[in-house]
Amino acid sequence: DNCGACDNDSDNDCVQDCAGTWGGTAAVDECDVCGGDNTSCDPSLLVPDEYSNIQSAINASNNGDEIIVSSGIYYEHLEITGKTISIIGSSRENTIIHGNNNGRAFEITSFSEADISSLSITNGVGQPGGGVYISESTVTIHDVDIKENTGHGNGAGLSANLSDLNMYNVKVYDNNCISGSCDGGG
């Protein structure tokens with residue numbers, strides 16, 4: 001079998017645990033976390049401790065959840081669609097959403113309600129809104145840097161359409177609008 005027992009006794013055959021280890025002991029806890037200890041049933045999803053990336057935590061989140069993101073550079077293109085969640089980094093200096101210069105870094109649409117704080121959004125490319133694009137949503141952004149993004153048209157750093165946007169202690173700078181109307185380049 002997969003655990004190295006070479007016999008015809010099915011009683012000692014092993015199976016994969018929830019982490020994919022043959023003969024392993026990891027089990028799904030009551031919070032539906034593989035290898036968890038039943039402490040993550042609260043509405044906090046931890047990146048990277050419980051989820052390897054931010055988007056997987058967004059996908060797993062329920063309305064009202066908080067996604068707590070540890071220090072690091074996260075090469076992602078984040079999408080929040082129709083959810084009410086918070087994403088909280090460790091600080092704008094140490095938690096970085098990096099769009100890798102090949103797509104918008106952050107998109108919030110479809111009547112979402114989001115609170116984004118204590119992180120930086122950088123190196124996104126989009127039309128409109130290279131760094132952040134918000135449409136038909138209610139968003140609060142605070143203690144955030146939106147920098148070094150590229151827009152093809154309105155809002156290189158940030159573009160909001162038909163939305164309620166509240167920002168405080170937000171720095172939008174060194175963004176580049178390379179074509180079309182360059183309103184909101186930052």
Side-chain angles (χ1 to χ4, degrees), residues 43-48 50-92 94-177 180-186:
S44 295
L45 291 78
L46 307 177
V47 177
E50 295 175 342
Y51 296 88
S52 62
N53 59 55
I54 301 166
Q55 188 63 54
S56 64
I58 291 170
N59 295 346
S61 70
N62 295 307
N63 287 336
D65 283 352
E66 291 183 339
I67 298 170
I68 310 297
V69 184
S70 295
S71 295
I73 300 175
Y74 297 87
Y75 295 91
E76 299 193 56
H77 304 279
L78 303 177
E79 295 182 24
I80 300 173
T81 304
K83 291 193 173 196
T84 300
I85 60 173
S86 297
I87 299 178
I88 305 164
S90 65
S91 72
R92 68 173 78 211
N94 296 315
T95 303
I96 300 166
I97 312 304
H98 193 296
N100 211 26
N101 294 309
N102 67 2
R104 185 178 289 127
F106 219 125
E107 184 170 318
I108 305 167
T109 62
S110 302
F111 307 100
S112 295
E113 293 183 29
D115 187 321
I116 311 300
S117 64
S118 302
L119 51 83
S120 287
I121 300 167
T122 186
N123 292 296
V125 177
Q127 178 181 355
V132 181
Y133 175 70
I134 302 166
S135 180
E136 298 180 324
S137 296
T138 300
V139 179
T140 299
I141 302 173
H142 54 97
D143 303 311
V144 169
D145 285 356
I146 301 172
K147 61 182 181 176
E148 301 168 2
N149 297 287
T150 302
H152 300 275
N154 294 330
L158 179 136
S159 179
N161 179 42
L162 301 172
S163 296
D164 183 7
L165 175 62
N166 298 295
M167 298 192 317
Y168 57 94
N169 198 18
V170 174
K171 299 176 186 176
V172 182
Y173 62 98
D174 292 339
N175 296 289
N176 185 27
C177 182
S181 170
C182 287
D183 296 336

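The figures here come from the full heavy-atom set of this structure, side chains too, leaving out hydrogens, waters and symmetry mates.
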Partner set under side chain to side chain donor-acceptor pair (under 3.5 Å) for [X], not counting sequence neighbours:
X    : result
D143 : N169
N94  : S91
T84  : none

With a 3.5 Å distance limit and no angle check, can you tell me whether [X] reaches the backbone of [Y] through a side-chain donor-acceptor pair?
X    : Y    : value
S56  : I54  : no
T95  : L119 : no
K83  : N59  : yes
N175 : E148 : yes

Between [atom1] of [X] and [atom2] of [Y], what distance do you get to the nearest 0.5 Å?
X    : Y    : atom1 : atom2 : result
N53  : I58  : CG    : CD1   : 9.0 Å
I68  : S90  : CD1   : OG    : 10.5 Å
I87  : D65  : CD1   : CG    : 11.0 Å
I116 : I97  : CD1   : CD1   : 8.5 Å
Y74  : N100 : OH    : CG    : 15.5 Å
L158 : N149 : CG    : CG    : 9.5 Å

Decide yes or no on side-chain contact (heavy atoms from CB on, under 4.5 Å) for K171 and I146, but give the supporting numbers first. CA-CA 6 Å; K171 299 176 186 176; I146 301 172; over 6 Å; no
Sorted by first residue and then second, give each ring pair (Phe, Tyr, Trp, His ring centres under 6.0 Å) pair with at least one member in residues 122-151; sequence neighbours left out. H142-Y168
Here's a test for you: under side-chain contact (heavy atoms from CB on, under 4.5 Å), which of L165, L162, I80 qualifies with I134? L165
Which of these, L45, L46, I88, sits in a side-chain contact (heavy atoms from CB on, under 4.5 Å) with E66?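 For E66, the side-chain contact (heavy atoms from CB on, under 4.5 Å) check succeeds only for I88.
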If you compare all heavy atoms of [X] against all heavy atoms of [Y], which two are closest, and at what distance to 0.1 Å?
X    : Y    : value
I85  : S61  : CG2-OG, 3.5 Å
S110 : S137 : N-OG, 3.8 Å
G151 : A156 : N-CB, 3.4 Å
A105 : G131 : CB-O, 3.4 Å

List in chain and number order the residues that pass salt bridge (Lys or Arg N to Asp or Glu O under 4.0 Å) with E107, two or more places apart in sequence or in another chain; answer none if no residue qualifies. R104
Give the table of side-chain donor-acceptor pairs shorter than 3.5 Å for residues 120-129, with sequence neighbours excluded, one pair per line with atom names and distance.
residue, atom, partner, partner atom, Å
S120, OG, R92, O, 2.6
T122, OG1, K147, O, 3.0
N123, ND2, H98, NE2, 3.0

